[in-house]
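Report on the structure given below.
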Amino acid sequence: MSDSSRLDSTQVAEDFRRAAHQAVDWIADYLADPREYPVLPAVQPGELTDRLPQSGPETGEPIERSLEDFQKLILPATTHWNHPGFMAFFGSSASGPGVLGEMLCAALNTNAMVWKSGPASTELEQTVLGWYRQWLGLPEDFFGVIYDTASMSSTHAMAAARQLADPECRQRGTRSGLTAYISTQTHSSIEKAAIALGIGQENVRKLEVDDEYRMRPDLLASAIEQDLAAGRKPFFVTATVGTTSTTSIDPVPEIADIAEQHGLWLHVDSAYGGAAAIVPELHHIFKGVDRAQSVVTNPHKWLFTPSDCSVFYTRRPDMLREAFSLIPEYLRTKDHPRAVNLMDYGLQLGRRFRSLKLWFVMRYFGHQGLQQILRNHVQWAQDLAAQIRADSRFEIMAPAPLSVVCFRLRSTDEANHRLIDKVNASGKVFLSGTVLKGKYTIRLAIGNIGTTWADVEQAWNLVKAAI
Ligand code: PLP
């Protein structure tokens, strides 16, 4: 094929059509059962880099060659998050409807900086987040916006809180003494937000947790009192619904009482756990969240929407606007009461049409379909925990309120590390670990859309066989 044919959009479209049919067939087979791939690739760092050309092609190649190399080079170096045996970290699996939405998002390639540059993207985002807000049982005054990750959502929460606490910070820079409160189990993204926003790590209080890894409201109250007495300005507290290590659920109502008493911005990080609040019998995990100023939950974690898709709700969108709205002449558009310009609600200007994939997922599975998948995951975690508890060689290290079980072999840390390595080398399961009460602990996280009870049993059998 001559290079000039690539200047012909019809030819490019035809090449796309041919290759996309092949790719879609592959994707459908892959999503139907990724078990034929090892969940963890047998590659060493640098191995793929060494196999890839060190400079890009001067002349174009047939698109099929990229597809061939995807199979030959990329897949063998891929950790398969879609694999039903992926039980590390938190599950984050794509689903057919989500992939379709992502594909169409890439095809439209809109950029909803302002309403006019993406009316469909802007309005669908508001509508879909309205649906999700209802499923989550959050009040109507929560305004929703999609960012890429929970880290960014929480950074926006802290920036909005800083704006409320210190309205001059835009001009003057961050005022010293602003103090934030988290627990030792809070995700590192909150501390990173404090670093990025100039709050400073030394102004983040990391409170000890109770026996079940939950923030202690008594320690929160006394830390705030101490900081006030020292002339500091407490401004922000994060409560977590589903902490990263153990999925513990902080006592949000008690934390909300204290936040309200002292005028702190309460942010709820439910990046993983929030999805479970759409299940009626699990909705109690969101008790008190309606009193927060902001909440983040990631459909790309436990709602089968391809990465990236982090949903952020706040009842103070005015603070986001005050913190971030800055309109240069070249982006000025006519005001209209119904035209939301999403660039005013965050740091980024450009934004992808992420709501499309969430819309496809929510419509395809429906509220009830998604509830059933989540309900199964939580039930299987309880069933697995019961089996582990019944085996005296192991100990359960934390309550399992959602779909993650933390346990360890009653032995040394080294023995537990070896056990995980052996299980992971099977290629059938990928487990990760954490440290709880000073002891290395295995986390088995159920959350993948393709995972069945048989996969969970297989993982448990592999663990027992690896002792
Ligand atoms: N918050 C919690 C509770 C998490 O567990 C995680 C990641 O696992 C994050 C935040 C960060 O998520 P993201 O990768 O979307 O930034």
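Atoms within each ligand, like the ligands themselves, are counted from 1 in listed order. The shown structure was predicted, so the numbers you read here are calculated from the model rather than taken from an experiment.
Close approach of ligand 1 to Lys301 (heavy-atom distance below 4.0 Å) involves ligand atoms 6 (C), 7 (C), 8 (O), 12 (O), 13 (P), 14 (O), 15 (O). Within the listing of ligand 1, atoms 3 (C) sit less than 4.0 angstrom from a heavy atom of Gly242.
Under the 4.0 angstrom criterion for non-hydrogen atoms, Ser189 is in contact with ligand 1. In this structure, Thr243 falls outside the shell of residues with a heavy atom less than 4.0 angstrom from ligand 1. Judged by the shortest distance from any of its heavy atoms, Phe90 lies inside the 4.0 Å radius around the atoms of ligand 1.
Contact annotation: the side chain of Trp460 never approaches that of Val405 to less than 4.5 Å [non-hydrogen atoms, C-beta and beyond].
The neighbour count for Tyr37 OH, taken as heavy atoms of other residues, nucleotides or ligands under 6.0 Å away, is above 12.
Of all protein heavy atoms, the one lying nearest to atom 5 (O) of ligand 1 is Thr244 OG1, 2.8 Å. The protein non-hydrogen atom at the shortest distance from atom 1 (N) of ligand 1 is Asp269 OD2, 2.6 Å. Here the heavy atom of the protein found nearest to atom 13 (P) of ligand 1 is Ala150 N, 3.6 Å.
Counting only non-hydrogen atoms, the option in His300, Gln185, His187 that gets closest to atom 9 (C) of ligand 1 is His187.
A parallel orientation is assigned to the rings of His417 and Tyr440, their planes being inclined by less than 30° (bins at 30° and 60°). Ring-plane geometry between Phe89 and Trp81 is classed as parallel, the angle between the planes falling under 30 degrees on a 0 to 90 degree scale with a further cut at 60. In this pair, Phe430 and Phe86 present their aromatic rings perpendicular. The plane angle is above 60°, beyond the 30 to 60° band.
When non-hydrogen atoms are compared, ligand 1 lies under 4.0 Å from the backbone of Ser151 as well as from its side chain.
For Thr238 and Thr186, the side-chain atoms include no donor-acceptor pair closer than 3.5 Å.
Summarising the geometry of Arg162 relative to Leu178, their closest heavy-atom pair is CG-CD1, 3.7 Å, with the distance given to 0.1 Å.
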